[in-house]
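The structure displayed is predicted, hence computed values, not measured ones. Throughout, residue positions are numbered sequentially from 1 according to the sequence presented.
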Amino acid sequence: MIAFVSGPVAALAPTLAVIEVGGVGMAVQCTPTTMAGLRMGETARLATSLVVREDSLTLYGFADDDERQVFELLQTASGVGPRLAQAMLGVHSPDALRLAVSTGDEKSLMAVPGIGKKGAQKLLLELKDKLGAPLGSSGLVGAQRAAASGPAPWTEQLSAALIGLGYAARDADEAVSAVTPQAEAAIAAGGSAPVPQLLRAALQSLNRAR
């Protein structure tokens, strides 16, 4: 198993990062939140999980070991493959997922593209004794690190992340517009647009519009 990869970031796409390791480019599938913490040319270290299929080897990357562990635990539920597990972590932090499962919060799970009411109910039953209780601030380390300083322009990054999660371009644009005041307030306060938090707010606005 490849536990992690570390090296310069050679390429970035909405859901894919290429990390140069010993002269070899490792293609790593990542959530938009993890992608927000990466910078072209800078050294990155991603915890990884290798998913082996008959016709493919896919490496999934995460901001920290906790995110990777939750990714692997999610797949122990029936009907949850790596793509859906990654989509769940794209919408919610590991602790947010633990909280949703521990409190039976169907709506939070239904905010993930591809999960309906019946699917959410089934996941709550199957994951109840697997994810455990929220860890507190330690479970948010990856999101906080990713939020440090998103690359400009944040609107393009957020739109690409939403499209990467399966939303139509028009819906993505509307969601970006909905969270623009939040981003502008952060910038006016002397910071940068916190892309991971904006992504979650955008997904919540899309879920309400369903």
Check: residues 169-181 side-chain donor-acceptor pairs under 3.5 Å, at least two apart:
{"unit_1": "Ser177", "atom_1": "OG", "unit_2": "Asp173", "atom_2": "O", "d": "3.1"}
{"unit_1": "Thr180", "atom_1": "OG1", "unit_2": "Val176", "atom_2": "O", "d": "2.8"}

* Glu67 side chain vs Ala63 backbone, donor-acceptor pair below 3.5 Å -> yes
* Arg98 and Asp66 ion-paired at < 4.0 Å -> yes
* Does the pair Tyr60 and Val28 meet the rule for a side-chain contact (heavy atoms from CB on, under 4.5 Å), with working shown? -> CA-CA 5 Å; Tyr60 291 84; Val28 186; 5.7 Å; no
* Could you name each residue pair satisfying salt bridge (charged side-chain N to carboxylate O under 4.0 Å, His left out) that touches residues 47-63, not counting sequence neighbours? => none
* To do: Quick one: do Arg68 and Asp65 satisfy side-chain contact (heavy atoms from CB on, under 4.5 Å)? Show the steps, please.
  => CA-CA 5 Å; Arg68 177 184 60 192; Asp65 292 335; 3.2 Å; yes
Gap separating the [atom1] atom of [X] from the [atom2] atom of [Y], nearest 0.5 angstrom:
X: Gln182; Y: Ser205; atom1: CD; atom2: OG; result: 10.0 Å
X: Arg45; Y: Asp64; atom1: CZ; atom2: CG; result: 10.0 Å
X: Leu50; Y: Leu59; atom1: CG; atom2: CG; result: 6.0 Å
X: Leu127; Y: Leu109; atom1: CG; atom2: CG; result: 8.0 Å
X: Cys30; Y: Phe62; atom1: SG; atom2: CZ; result: 8.0 Å
X: Leu97; Y: Ser108; atom1: CG; atom2: OG; result: 8.5 Å

* **Non-hydrogen atoms of Met40 and Ala11 that approach each other most closely** => SD-CA, 3.6 Å
* Considering all heavy atoms of both residues, which atom of Gly90 and which atom of Leu199 are nearest to each other, and what is their separation? -> O-CD2, 3.6 Å
* To do: Determine, stepwise, if the pair Met88 / Ile115 fulfils side-chain contact (heavy atoms from CB on, under 4.5 Å).
  => CA-CA 9 Å; Met88 293 172 74; Ile115 297 181; 4.0 Å; yes
* Mind checking side-chain hydrogen bond (donor to acceptor under 3.5 Å, both in side chains) for Gln29 and listing every partner two or more places apart, or none if nothing turns up? => none
* Considering residues at least two apart in sequence or located in another chain, which fulfil the side-chain hydrogen bond (donor to acceptor under 3.5 Å, both in side chains) criterion with Lys107? -> none
Distance-only donor-acceptor hits, side chain of residues 75-85, under 3.5 Å, sequence neighbours excluded:
{"unit_1": "Gln75", "atom_1": "NE2", "unit_2": "Phe71", "atom_2": "O", "d": "3.2"}
{"unit_1": "Thr76", "atom_1": "OG1", "unit_2": "Leu73", "atom_2": "O", "d": "2.5"}
{"unit_1": "Thr76", "atom_1": "OG1", "unit_2": "Lys130", "atom_2": "NZ", "d": "3.2"}
{"unit_1": "Ser78", "atom_1": "OG", "unit_2": "Lys122", "atom_2": "NZ", "d": "3.3"}
{"unit_1": "Ser78", "atom_1": "OG", "unit_2": "Glu126", "atom_2": "OE1", "d": "3.3"}
{"unit_1": "Ser78", "atom_1": "OG", "unit_2": "Glu126", "atom_2": "OE2", "d": "2.6"}

Same cluster or not: [X] versus [Y], using hydrophobic residues (I, L, V, M, F, W, Y) connected whenever any side-chain heavy atoms lie under 4.5 Å apart?
X: Leu99; Y: Val91; result: no
X: Leu57; Y: Ile19; result: yes
X: Val52; Y: Phe4; result: no
X: Met35; Y: Val21; result: yes
X: Val5; Y: Leu16; result: no

* To do: List for me each residue that meets salt bridge (charged side-chain N to carboxylate O under 4.0 Å, His left out) alongside Glu106, sequence neighbours excluded, and say none if there are none.
  => Lys117
* To do: Could you go through the side-chain contact (heavy atoms from CB on, under 4.5 Å) check for Leu38 and Leu46 one step at a time?
  => CA-CA 10 Å; Leu38 303 178; Leu46 297 176; 4.2 Å; yes
* Ser49-Glu72 side chain donor-acceptor pair, cut-off 3.5 Å -> yes
* **Test item: Thr48 and Met26 side chains (from C-beta on) under 4.5 Å apart, heavy atoms** => no
